[in-house]
*Asks:* 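Quick one: structure below, then a few questions.
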Amino acid sequence: MGKLGGFLQIERHGVPQRDPLERVQDYREFQLPRPVEELREQGGRCMDCGVPFCHNGCPLGNLIPDWNDLVYRDRFEDAIAQLHATNNFPEFTGRLCPAPCEAACVLEIREGDAVTIKQVENAIINRAWAEGWVKPEPPHARRETGHAVAVVGSGPAGMAAAQQLRRAGHDVTLFERDEAIGGLVRFGVPDFKIEKSVVERRVEQMVAEGVELRCGVEVGSDVSVQELRERFDAVVIATGSRVPRELDVPGRGLDGVHFAMEYLYQRNRWVAREIGPAPTVAQPAAERVISARGKDVVVIGGGDTGADCVGNSLREGARSVVQLELLSEPPVHRPDERTPWPEWPLKYRLSYAMEEARKQGVGEQDYSVTTTRFAEDGSGAVSALHIAQAEAQPPFAPVAGTERELPAQLVLLAMGFLHPEQSLLDQLGVEKDPRGNVKTAKPYVTSVEGVFAAGDARRGQSLIVWAINEGRQCARMVDRYLQRRTQSAHEDEALAGHADADRGPEGPPQHVGPGIGAS
């Protein structure tokens, strides 16, 4: 159970970070590793609770007390085995997950005292890669099923589904319309949060396991749905929730007003060109270059995507950056009447990006602000936002007498996503829920035979831990479906009088009896 009474004797120490004024000068990860001895102490704070609420907080069901104890005992190789038992990509979650497990930790009853689970998780997988413990796990030849599965979309859900299905012995092809595997982890999240070499080494592992990658291929356009259904025994939709929420106000069509992902994609592609790793296929040419250099930037949306826009703008050399949030500023401490432990607390958290902006003296974050219109500079480009204080309740109407103007030559809309893109879903003919997501009557099973869905395409915009969990669970449903198909085929053979009584796990015997030559 870690160190007996360790939670009483050892203080919590969070993830160390590089100095904000230093890290804005480059695109390297800003989180730092902690020395092993200090990390082991942090693992030793875990109480191994009789009812581990951290399991309740983690969508993946990670065996958190188990690997906390193993880290405390310096058994890192055993710890990575426990970690990989539930999570295909702990280096993704260890960097990008907001850690609902820590919010649910029993020690978090005393706010701010939770075990640093995310830090320990990241250290385990980093050590595992450094020691060479992470190896390809292709299926044994005896497990090859001959079934072919197409996974459409290569974000964390698609990657997890593809890896699990391949390890189960199926032939898996992973389709990605962009030039490299990873989805928004590759193209939406900046390198200073997760360097893309971290993603690439997992891609290389999947290739070594036998997953076929088809980058730069859009299903429904480059490959028809009919061809997909004819070539594959099952199809997994893991295209994410990629339709952004729009801001329908006058002046929205002005130059300089863009969706956040348009900007983030360009910045990540620039880093790939300048620093690497190089994409699998050629990058598409940008229709228009979006740059924050020397500009007053306004980011509308207070979540992680908005913070990533702020961080990139600072590294480009923006003159000023303002991040606006429609909702009111959350309290500093957990509001027990609204989100009691072990629920995720709705409280204020200073983002890494806004910390950087404030240290430089070029940024601010405002709450309860609504945009009424965009102003033009006379040449068709945005010059300012007209904003006002928003009412506290929907529809968050502007409060009379609070209007003001905010200068901006670049506006980035980071207000979240609505649902997956609809074209592929319509071509496949799957039913959709009222929000436009793929509807699944049974878990991960769509209304079309042999078509499954996982991740944000099914559940809506969510967390990376949910995406990996959904990919893993969807793979189980696909595997069961294909096993039933195989069993049905064998039953049909038996009814036709063609069953081979000698067929076993490895097929019929290969030896020959006396006097019988091998055919």
Side-chain angles (χ1 to χ4, degrees), residues 59-60 88-89 92 96 149-165 172-178 181-189 211 213-215 217-225 228-229 232 234-245 259-261 265 303-305 415-479 481:
L60 280 164
N88 294 64
F89 315 118
F92 296 2
L96 304 178
V149 183
V151 179
V152 185
S154 74
M159 288 180 70
Q163 187 166 60
Q164 292 297 103
L165 286 164
V172 179
T173 302
L174 183 57
F175 290 91
E176 172 54 58
R177 68 180 178 185
D178 290 320
I181 299 297
L184 293 189
V185 174
R186 170 83 72 161
F187 294 102
V189 181
V211 176
L213 308 181
R214 297 286 306 278
C215 294
V217 177
E218 183 165 7
V219 174
S221 176
D222 301 316
V223 174
S224 70
V225 166
L228 201 73
R229 298 307 311 276
F232 297 94
V235 175
V236 175
I237 304 170
T239 52
S241 181
R242 298 295 296 274
V243 176
R245 183 172 282 108
F259 287 121
M261 281 303 154
Y265 259 65
D304 287 341
T305 300
M415 303 177 297
F417 302 88
L418 297 174
H419 48 65
E421 294 175 6
Q422 303 290 286
S423 175
L424 176 61
L425 309 188
D426 293 338
Q427 291 182 59
L428 285 166
V430 297
E431 289 186 26
K432 292 175 278 189
D433 66 18
R435 297 176 59 193
N437 301 318
V438 181
K439 183 178 180 179
T440 52
K442 297 179 181 179
Y444 313 103
V445 180
T446 75
S447 59
V448 176
E449 175 76 14
V451 179
F452 301 78
D456 290 3
R458 187 187 82 92
R459 66 178 291 116
Q461 180 185 351
S462 191
L463 304 176
I464 187 171
V465 274
W466 274 114
I468 296 173
N469 174 70
E470 293 241 333
R472 289 173 60 89
Q473 298 300 324
C474 181
R476 290 181 63 190
M477 297 300 291
V478 174
D479 185 48
Y481 167 77

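If you read the sequence from its start, that first residue is 1, and numbering goes on from there. If you're wondering where the values come from, they're calculated on a predicted model, not measured in any experiment.
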*Asks:* Given side-chain contact (heavy atoms from CB on, under 4.5 Å), test Thr305 with Met261 step by step and report yes or no.
*Replies:* CA-CA 8 Å; Thr305 300; Met261 281 303 154; 4.0 Å; yes
*Asks:* So which atom in Pro156 and which in Ile464 form the shortest heavy-atom distance, rounded to 0.1 Å?
*Replies:* CG-CG1, 3.8 Å
*Asks:* Between Ser447 and Glu431, what is the shortest heavy-atom contact and its length?
*Replies:* OG-N, 2.9 Å
*Asks:* My understanding is that only residues two or more places apart in sequence, or in another chain, count here; which of them pass salt bridge (charged side-chain N to carboxylate O under 4.0 Å, His left out) with Asp178?
*Replies:* Arg269
*Asks:* Show the nearest heavy-atom pair for residues Ile181 and Cys215, with the distance to one decimal.
*Replies:* CD1-SG, 3.6 Å
*Asks:* Nearest 0.5 Å, what's the CG-CG distance between Leu463 and Asn469?
*Replies:* 11.5 Å
*Asks:* Are the side chains of Val152 and Arg177 in touch, meaning some heavy atoms are under 4.5 Å apart?
*Replies:* no
*Asks:* Just to verify, what does Asp426 make a salt bridge (charged side-chain N to carboxylate O under 4.0 Å, His left out) with, not counting sequence neighbours?
*Replies:* Lys432
*Asks:* So which heavy atom on Gln422 is nearest to which on Gly436, and how close?
*Replies:* NE2-O, 3.1 Å
*Asks:* Using the side chain to side chain contact (heavy atoms under 4.5 Å, CB included) rule, pick out the option among Leu174, Thr173, Val151 that qualifies with Arg214.
*Replies:* Thr173
*Asks:* Stepwise, does the side-chain contact (heavy atoms from CB on, under 4.5 Å) test hold for Gln164 with Asp479?
*Replies:* CA-CA 9 Å; Gln164 292 297 103; Asp479 185 48; over 6 Å; no
*Asks:* So do the side chains of Thr239 and Glu421 get within less than 4.5 Å of each other, counting heavy atoms only?
*Replies:* no
*Asks:* Please find the pair of heavy atoms, one from Asp433 and one from Lys439, that lie closest to each other, and give the distance.
*Replies:* N-CB, 3.8 Å
*Asks:* Flag the pair Phe89 / Val185 as yes when at least one side-chain heavy-atom distance between them is below 4.5 Å, and no otherwise.
*Replies:* no
*Asks:* Please report the interatomic distance CG(Leu428) to CD1(Ile237), rounded to the nearest 0.5 Å.
*Replies:* 5.0 Å
*Asks:* Rounded to the nearest 0.5 Å, what separation is found between the CG atom of Leu418 and the CG atom of Asn437?
*Replies:* 9.5 Å
*Asks:* Where is the tightest heavy-atom contact between Ser154 and Met159, given as atom of each residue plus distance?
*Replies:* O-CG, 3.3 Å
*Asks:* With a 4.5 Å cut-off on side-chain heavy atoms, are Tyr265 and Leu184 touching?
*Replies:* yes
*Asks:* Counting only heavy atoms not in Arg229, do more than 12 sit closer than 6.0 Å to its CZ atom?
*Replies:* yes
*Asks:* For residues 448-461, which side-chain N or O atoms pair as donor and acceptor with protein atoms under 3.5 Å away, sequence neighbours left out?
*Replies:*
residue: Glu449; atom: OE2; partner: Tyr481; partner atom: OH; Å: 3.0
residue: Asp456; atom: OD1; partner: Ser462; partner atom: N; Å: 3.4
residue: Arg458; atom: NE; partner: Glu470; partner atom: OE1; Å: 3.0
residue: Arg458; atom: NH1; partner: Thr440; partner atom: OG1; Å: 3.2
residue: Arg458; atom: NH2; partner: Glu470; partner atom: OE2; Å: 2.6
residue: Arg459; atom: NE; partner: Ser462; partner atom: OG; Å: 3.3
residue: Arg459; atom: NH1; partner: Glu470; partner atom: OE2; Å: 3.3
residue: Gln461; atom: OE1; partner: Phe417; partner atom: N; Å: 2.8

*Asks:* Do the non-hydrogen side-chain atoms of Leu425 and Pro420 ever get within less than 4.5 Å of each other?
*Replies:* yes
*Asks:* Does a side-chain N-to-carboxylate-O contact under 4.0 Å join Arg186 and Glu176?
*Replies:* no
